[in-house]
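Let me begin by presenting the structure, written as structure tokens, before commenting on it.
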Amino acid sequence: MLKQHLQFKLSQKLSPQQIQLMKLIQLPTQAFEQRLKQELEENPALETGKDEADSIEDEYDDIYDNDTEKIEAEDINIDEYLSDDEVPDYRTQANNYSADDDEKSIPYAAGTSFHQYLMTQLNTVYLDDQDWSIAEFLIGSVDESGYIRRPIADIMDDLAFTQNIFTEEKDILKVLNLVQDLDPPGVAARSLEECLIIQLSRKEQTPEIELASLILEKSFDQFTKKHYKKLIQKHNITEEELKGAISEIEKLNPKPGGSYAGNTRIIEHIVPDFSIKIADGELELTLNGRNAPELHVSRQYNNMLEGYKNSKTKSQSQKDTVFFIKQKLDAAKWFIDAIKQRQQTLFITMSAIMNYQEEYFLTGDERKLRPMILKDIADTIGMDVSTVSRVANSKYVDTPYGTKLIKEYFSESMKNEQGEDVSTKEIKKILETVIGEEEKRKPLTDDKLAAILKEKGYPIARRTVAKYREQLNIPVARLRKQI
């Protein structure tokens, strides 16, 4: 039996210009400058500066006539352009400018790599050809933290298949011991336990060092779990002796590879997109000047279009040329308008956030942060939630209390005992303060923390306390214990 039915599907479609505008709004300062540079390189009808900008644009509008075919943008499904899975290029790039300063080129430091540093030391050790190849392979297996994470059996197989070296595990271990004698101490260890023990073995063997080595070799699991009473009983030592041993262990480096100065690391310098200052008790918001470039359409391109208009004969080649010119002028004029709209959107959005959190920005007290979600700001400024999200998720603001990602000011709310809405950030701040003031010998469990918060007027469950504690990167009570 044949059945017929109608199916309606509602889909939002945006023009290419609207999509490009949203992407421009999403860009932080440095990425925006890169996008601007790209547009200037690709479109000769777009120029920097403000000379004659207004008059040129007015003339361009006057030249606009039926002789030049207007370019209409077809509607495009937004899902094809703004997928949630899409990761814009700017997210993988560093923000490397300070506000309104000239761009500076920072050279990379020259030097040997960590592996080259190890190989240089290996040159001072006498080894036969096979052991040298094994040592070289082991050094190549050291990761950036300074560890060899792969099982010896796997290394033995790789040596056979890739280097044509057939050996046994005991021979590899013999060479490994030699590699572990290289600097920095603890390099080429296969575990944290082995890394720390190697470092202790390189120190002067005092009673504290010897006890620390014994604890790591015989009671590593109990040590990591801070079962101090069991350690005292097992090793028949006093609490002071245990403190001395733990003090020596805490001086060790758990990531020996990270301490090598030759490691090349990229330090990301955050560029504030906004700045908030307090003047005479009032908040002042400014947008980074790099987001407001002076642009105008090209006088030369404008004259070429005017010349076509005044021409008495219009050949096909002239029409093709002017069609190209007009495309570039259209694109330049749109880009200028889009940048102005971007500036306005950024400023209006951040201004609403600043006013919403006025008490916080005046005091810097995180307990004064009001519960705020994207919809609160979107409703205030009459824009879409997605627009506010694009501003909040990628922009930084410089405040008297530091430079922060704007989205950090957004938080959900909960009711306190008085029925008032309070920010979850306020609760986290109080939780962090309570844990910071706890007795370190007897740290507070999540149940006790929940009880204390309830006494302070914040009735939240133990599991919620655990969630907030984890979000603050604070370990459980057992791991916070000190002696």
Side-chain angles (χ1 to χ4, degrees), residues 226 268 270 272-278 281-285 349-378 380 388-389 391-482:
K226 297 193 174 184
E268 294 187 353
I270 293 172
D273 303 274
F274 305 93
S275 177
I276 293 178
K277 295 180 180 178
I278 302 174
E282 299 289 331
L283 295 174
E284 289 185 355
L285 174 67
T349 304
M350 188 63 225
S351 181
I353 293 171
M354 181 184 72
N355 293 331
Y356 200 94
Q357 300 291 3
E358 181 179 14
E359 195 171 359
Y360 161 76
F361 284 116
L362 285 172
T363 63
D365 187 349
E366 291 191 4
R367 291 173 296 181
K368 302 293 186 181
L369 277 171
R370 296 173 57 190
M372 179 176 71
I373 59 175
L374 295 173
K375 190 174 186 299
D376 293 329
I377 301 303
T380 301
V388 178
S389 176
V391 175
N393 287 334
S394 59
K395 308 293 187 301
Y396 286 86
V397 59
D398 180 32
T399 75
Y401 325 107
T403 301
K404 294 187 178 181
L405 189 62
I406 295 170
K407 73 174 182 180
E408 293 180 7
Y409 297 122
F410 288 82
S411 66
E412 298 291 339
S413 66
M414 66 157 289
K415 300 284 186 183
N416 62 14
E417 287 190 337
Q418 287 72 44
E420 300 168 333
D421 284 332
V422 294
S423 168
T424 55
K425 284 188 176 290
E426 176 182 340
I427 299 172
K428 288 179 184 178
K429 188 66 178 178
I430 294 172
L431 177 62
E432 193 174 25
T433 302
V434 170
I435 292 175
E437 295 174 350
E438 70 185 359
E439 185 181 348
K440 300 307 178 185
R441 293 172 65 93
K442 294 181 180 179
L444 300 167
T445 64
D446 290 342
D447 283 320
K448 290 180 180 178
L449 290 171
I452 291 173
L453 287 174
K454 186 175 181 181
E455 290 175 3
K456 292 180 177 292
Y458 304 96
I460 59 177
R462 183 206 62 80
R463 64 180 179 275
T464 307
V465 169
K467 180 178 75 172
Y468 291 167
R469 176 178 52 72
E470 290 171 358
Q471 290 173 350
L472 291 167
N473 293 318
I474 298 174
V476 295
R478 174 172 53 78
L479 298 181
R480 302 199 304 272
K481 184 178 180 181
Q482 298 178 6

Where is the tightest heavy-atom contact between Leu431 and Val465, given as atom of each residue plus distance? CD2-O, 4.0 Å
For residues Arg370 and Asp376, determine if any side-chain heavy atom of one lies less than 4.5 Å from a side-chain heavy atom of the other. no
Could you tell me if the ring centre of Tyr356 sits under 6.0 Å from that of Phe410? no
Heavy-atom neighbours of Lys375 NZ exceed 12 at 6.0 Å: no
Testing the basics here: between Tyr409 and Gln357, what is the closest heavy-atom pair and its distance to 0.1 Å? O-NE2, 3.5 Å
Hits for side chain to side chain contact (heavy atoms under 4.5 Å, CB included) against Thr403, two or more places apart or cross-chain, chain-then-number order -> Ile270, Pro272, Tyr396, Asp398
Applying side chain to side chain contact (heavy atoms under 4.5 Å, CB included), name anything that partners Asn355, two or more places apart in sequence or on another chain. Ser351
Work out which heavy atom in Asp446 is nearest to a heavy atom in Ala466; give both atom names and the distance. OD2-CB, 3.5 Å
Tell me every residue that passes side chain to side chain contact (heavy atoms under 4.5 Å, CB included) with Glu408, counting only those two or more places apart in sequence or in another chain. Lys404, Leu405, Lys425
Might you point out which heavy atoms bring Ile435 and Lys440 nearest each other, and give the distance in Å? O-NZ, 3.2 Å
Where do Lys277 and Ser275 come nearest, in terms of heavy atoms and distance? CE-OG, 3.8 Å
Pairwise side-chain contact, Ile276 with Met350, heavy-atom cut-off 4.5 Å (strictly under): yes
Where Ile278 and Phe361 come nearest, the two heavy atoms and their spacing: CD1-O, 3.5 Å
